[in-house]
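Data first, discussion second: the structure below is written as structure tokens.
Computed from a predicted model, the values in this text were never measured in an experiment.
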Amino acid sequence: MSSSRAMVCAVAFALACLAAMPPASAASGDGGILYLPSAASLAHCPTSCGDVNISYPFGIGASCFRQGFELTCDNTTKPPKLFLGNSTTQITDVFSSAVLVPMFFNISGTNDTHNISWDAPTRGTFISGGNDFFVVGCDFDVDLFDHVRNPIGSCLSRCHGKALPNQGPCNGIGCCSISVQNDIPGFQATIVRADNMAAQSDPLHIGIMAFMSDGDYYTNNATDLLLSWTNASNILGAVLDVSIMDQPSCKSAKLNNASYACATDGYCRNASNGGYSCYCHYYNYYYTSNAYLSEGCTPQDYNPKPKDHCPTTTTCGSMKIPFPFGLKEGCSASERFQLNCTAGNTVFSSGGAQYNVTDVSVEDGTLTVSNLLNNASSGRETIIIETSDNGYAEGPPVEDQFDFSMEYDIVIRWAVSNSTCQKAKRNITGYACRSVHSDCLNVSRGQIFMGYRCKCLSGFQGNPYIQDGCSDINECLLPNYCNGTCQNVPGSYICTDCPHGKEFDSVKLRCVTSTKQRNILLGIAIGIGCGIGSIIVALGTIVLANKWKRGIQKRIRRAHFKKNQGLLLEQLISDESTTNKTKIFSLDELEEATNNFDATRVLGCGGHGTVYKGILSDQRVVAIKKSKIVEQIEIDQFINEVAILSQIIHRNVVKLFGCCLEDEVPLLVYEFISNGTLYELLHTDTTVKCLLSWDDRIRIAVEAAGALAYLHSAATIPIFHRDVKSSNILLDDNFTTKVSDFGASRSLSLDETHVVTIVQGTFGYLDPEYYHTGELTEKSDVYSFGVILVELLTRKKPIFINDLGAKQSLSHYFVESLHEGSLVQILDSQVVEEADQEEINEIASLTEACLRVKGGERPTMKEVDMRLQFLRTKRLRKRQHLTEKEGDIEPLLCREDNKLYGHIDLNNVGSSGCYSLEQEFASSFGLPR
């Protein structure tokens, strides 16, 4: 196969290459700066070499660069070329603490094996993680190592048959790639020609590239991709990070203030291979300027968040001024949105002229002004509003003129930024549309593009530039929207015609009885009234008797209310600091909801009580938990569970609607979770072919970790669950994870890190450190969550019977297998089939960290959540590429196999999915605690 044919086989993907070059001598540090300079002190320094711009800490010449960041410009070439230090490593672009290095070469010849290598030319320089190693050609195998021969990855390419699995951006046909995850100071690669496949003279094209802004372009343009391998000017190259090496870390660098390289408002980050770097990205704001100069970092021009002391809406006279506009200094999104309030009049200034503002509309993106306050003219005036790169207002076109003597209003259209919506949405921290129910809108004036602004979605109104600024419009309160029964829904409404015998009243805006029907009803009412009068006397006696009985019943229920600590709970639930609306239900309401606790409404029974299915008067389906044992410790746990759940509002935590205290035993009312527990899904008859996919296991782990991280660090008061296990992780209709059972949980004050308690929990999940010391910390929940991760990986119970017939701890079994290198042998077959080795290694590493014996060595739940989120994000990107290449994929959870719980009638309980799990609350009682 010819070389051109091999290149045609390569897939179109965003790549650029760097060629391996021989290591050069380290750059000299002579003349390097070891202090924080100003821009003025560097004014004499060269700012470019050829078409490459240079910014400090890089520089050419003495006193123009930070020690270790010296560059050399070769002016003998046309155009001039820029090199790193005194080495032969050419640079094509310079960033804050990194450079772009193009290296590109071909391999050809009759040898079956080729070895290439590259080492950093200077100390503190290394290939940045995120680069990719690419080889384009036919019929070869590649092994990539770091500078000390530690394996990084491997790939292979063929020009026959279908795409090979797990080949990254290249699909294995004519091209393969290896992702460089970590920073490395060099690499070595071995390339072996495959036997009897391609002619050995076919060349191979090799390089390392970084993902750049042109990546999307190359992905969709295969022709340009092929050209980039033959024309070195098209290659983006690899990013080399350069660290400050005069100190080993940020901590030691800050101690030596005289040589510290970062500006006051910049921040420092340790480099992976020693040293440190400075950046201007801090507290979720983007900054411009240079973190290595004394002038420091300057915040971006548009700030989507008003300062704490600034109201989102203020007034001047009778006019309301909404954000992004503002009256006080610093209260607007930028200087262009700054207005002034003078003598009750709102003034807008532009180009030296001042205008009297009569209206500000964030919905229409307009600013209405009536006349000039200075530089006024009695004739016709031309208004020109200046613009800038980061945000501007725009007036009428230059050719439009207005007669101010006639006091015509001028409508000035404005935009937030001259970016497109697509580009603006990528900058999460600088994106102006803050309301959930808002959208971005591109703004143009004729053929001239202005930028973008924000607008509330249809059915909502308000200010899209502030959090929750767009609120729902109640169309049912507006005339001519519905001549019948109206039901308002978020963003819209539902209208139904008036029922038979009724007509719509345009004044009352509702359906009323028609006149003819009213007369008929009046006659019927008179007849019925006469009959009722004769019955009232007989009913009176019955009513009095029932009232006497109800009085006795009421006293009994009041006694139960006091016994069950009702006054304490009532005070707790009515606390102003409680954000959710937990309700104390009457016993009558729950008896009606459960048909007087009918046996057919029982979802399941456990050692501690019974769970009933109920339907409240507002048609909500709930699960009602009724305890059997009437002991003080049970009442204390009941109070604790209500106290905990009343403070929690999270999509992945089971919602507590309220409780009832009027019965002999207290009752809890939860949201109804229809698809059971993770324990049942993992450990009930694994021969059934309705299995959890690898993607579902990651998603469930992410959602559970997010809920626990919220309890530990985001709730009003830190909460330790103390009984994290798979049977307490429920799945709703959409298979969304819900963490439940807070009877054993403990909350802490903000200044506490642990609490000494009686040890509670479930064997197999219990933190060994907590078991021995009795000190409950957030790391106790981390250990229990680690056991759940092992269950997801192995599909084994936390205490299981091993091959020898003895009981064994799953956590110890996992750690031993991991250390012995036999992890794959204990994994669930479906995990081995669907997950790639990198994902298994990452989640196994995280699990091992969670299961460490010493709590101090375990990560926090927030760190666990972030690592799982990162793993899932990478997984979703891979699935997206797979979907684009191979079409639709199989659903994550099969939903057709109903044999898992064949004894339950799915039609009666209304469950969805491949099994019915209305037993989920019962199962939480049946398992040991």
Salt-bridge criterion met for R867 and E842 (N-O under 4.0 Å)
no
Are H712 and K862 close enough, and set up right, to give a side chain to side chain contact (heavy atoms under 4.5 Å, CB included), and what steps lead you there?
CA-CA 8 Å; H712 288 183; K862 186 65 176 176; over 6 Å; no
Main chain of Y56, side chain of N290: is a donor-acceptor contact present, judged purely on distance under 3.5 Å?
yes
Distance SG-SG for C486, C476 less than 2.5 Å
yes
Beyond-backbone contact of T358 with V369, side-chain heavy atoms, under 4.5 angstrom
no
Using modelled atom types and a 3.5 Å cut-off, is there a donor and acceptor pairing between side-chain atoms of D183 and backbone atoms of G129?
yes
Yes or no on side chain to side chain contact (heavy atoms under 4.5 Å, CB included) for E671 and I673, after CA distance, side-chain angles and deciding distance?
CA-CA 6 Å; E671 68 175 321; I673 310 297; 3.6 Å; yes
So, does S693 use its side chain to make a donor-acceptor pair with the main chain of D696 at under 3.5 Å?
yes
Tell me whether D472 contacts the main-chain N or O of G491 through its side chain, where contact means a donor paired with an acceptor under 3.5 Å.
yes
Set out, in order, the CA-CA distance, both residues' side-chain angles and the distance that settles side chain to side chain donor-acceptor pair (under 3.5 Å) for D241 and S128, then state yes or no.
CA-CA 6 Å; D241 286 341; S128 174; 3.3 Å; yes
Side chain of T315, backbone of G317: donor and acceptor closer than 3.5 Å?
no
Looking only at side chains, do N53 and S48 share a donor and an acceptor under 3.5 Å apart?
no
Can you check whether I843 reaches L868 side chain to side chain, under 4.5 Å on heavy atoms?
yes
For P57 and S96 the tightest heavy-atom approach is CD-O, 3.4 Å
OG on S55 to CG on L293, rounded to 0.5 Å
8.5 Å
Does R434 qualify as a cation-pi partner of Y465, given the criterion of NZ or CZ under 6.0 Å from the six-membered ring centre and within 45 degrees of its axis?
no
Determine whether the interatomic SG-SG distance for C440 and C454 falls below 2.5 angstrom.
no
Check the surroundings of atom NZ in K874: do more than 12 heavy atoms from other residues, nucleotides or ligands lie under 6.0 Å from it?
yes
Would you confirm whether S361, through its side chain, and D364, through its main-chain N or O, come within 3.5 Å as a donor-acceptor pair?
yes
Determine if the SG-SG distance between C495 and C482 falls under 2.5 Å.
yes
Start with the C-alpha distance between L100 and T92, add both sets of side-chain angles, then the distance that settles side chain to side chain contact (heavy atoms under 4.5 Å, CB included), and finish with yes or no.
CA-CA 6 Å; L100 191 64; T92 57; 3.8 Å; yes
Got a second to check how far I412's CD1 is from F348's CZ, nearest 0.5 Å?
5.0 Å
Do the side chain of Q487 and the main chain of I494 share a donor and acceptor less than 3.5 angstrom apart?
no
Can a salt bridge be assigned to the pair R699 and E703 using a cut-off of 4.0 Å between side-chain N and carboxylate O?
yes
Below 4.5 Å, heavy atoms only, C-beta onward: do Y355 and V347 meet side chain to side chain?
no
Under a 4.5 Å cut-off applied to non-hydrogen side-chain atoms, are F460 and S458 in contact?
no
Examine distances only and state if a side-chain atom of S438 and a backbone atom of S435 form a donor-acceptor pair shorter than 3.5 Å.
yes
For residues F325 and W414, establish whether the separation of their ring centroids is below 6.0 Å.
yes
Closest non-hydrogen atom pair, A424 against Y452:
CB-CE2, 3.4 Å
Where is the tightest heavy-atom contact between C316 and T346, given as atom of each residue plus distance?
CB-OG1, 3.3 Å
Side chains of T873 and R877: closer than 4.5 Å at any heavy-atom pair?
yes
Could you check whether the rings of H650 and Y710 sit parallel, tilted or perpendicular, using 30° and 60° as the cut-offs?
tilted
Taking all heavy atoms of V362 and all of F323, pick out the closest pair and write down the distance.
CG1-O, 3.8 Å
May I ask you to say whether D439 pairs ionically with K455, meaning some side-chain N is under 4.0 Å from a carboxylate O?
no
Heavy atoms, side chains only, cut-off 4.5 Å: are D836 and K878 in contact?
yes
Chi angles and distances behind the side chain to side chain contact (heavy atoms under 4.5 Å, CB included) call for V653, K738
CA-CA 5 Å; V653 176; K738 300 279 187 176; over 6 Å; no
Take atom CE of M866 as the centre, draw a 6.0 Å sphere, and report whether it contains more than 12 heavy atoms from other residues, nucleotides or ligands.
no
Strictly distance-based, threshold 3.5 Å: is any side-chain N or O of S713 a donor or acceptor partner for the main-chain N or O of A709?
yes
In Å, rounded to the nearest 0.5 Å, how long is the span from CG of D468 to NE2 of H437?
7.5 Å
Would the distance check show the side chain of Q338 and the main-chain N or O of L327 forming a donor-acceptor pair, the cut-off being under 3.5 Å?
yes
Between the side chains of R872 and D695, is the shortest nitrogen-to-carboxylate-oxygen separation below 4.0 Å, so that they form an ion pair?
no
Could you walk me through whether S97 and Y292 satisfy the side chain to side chain donor-acceptor pair (under 3.5 Å) test, starting with their C-alpha distance in whole Å, then the side-chain angles of each, then the deciding distance to 0.1 Å, before giving a yes or no?
CA-CA 10 Å; S97 298; Y292 292 94; 2.4 Å; yes
How far apart are the closest heavy atoms of T313 and K320, and which atoms are they?
CG2-CB, 4.2 Å
Test item: T736 and L731 side chains (from C-beta on) under 4.5 Å apart, heavy atoms:
no
Are C268 and C262 close enough, and set up right, to give a disulfide (SG to SG under 2.5 Å), and what steps lead you there?
CA-CA 7 Å; C268 181; C262 301; 4.4 Å; no
Shortest non-hydrogen contact between C175 and F134, atoms and distance:
SG-CD2, 4.1 Å
Going by heavy atoms in the side chains, are T420 and N442 under 4.5 Å from each other?
yes
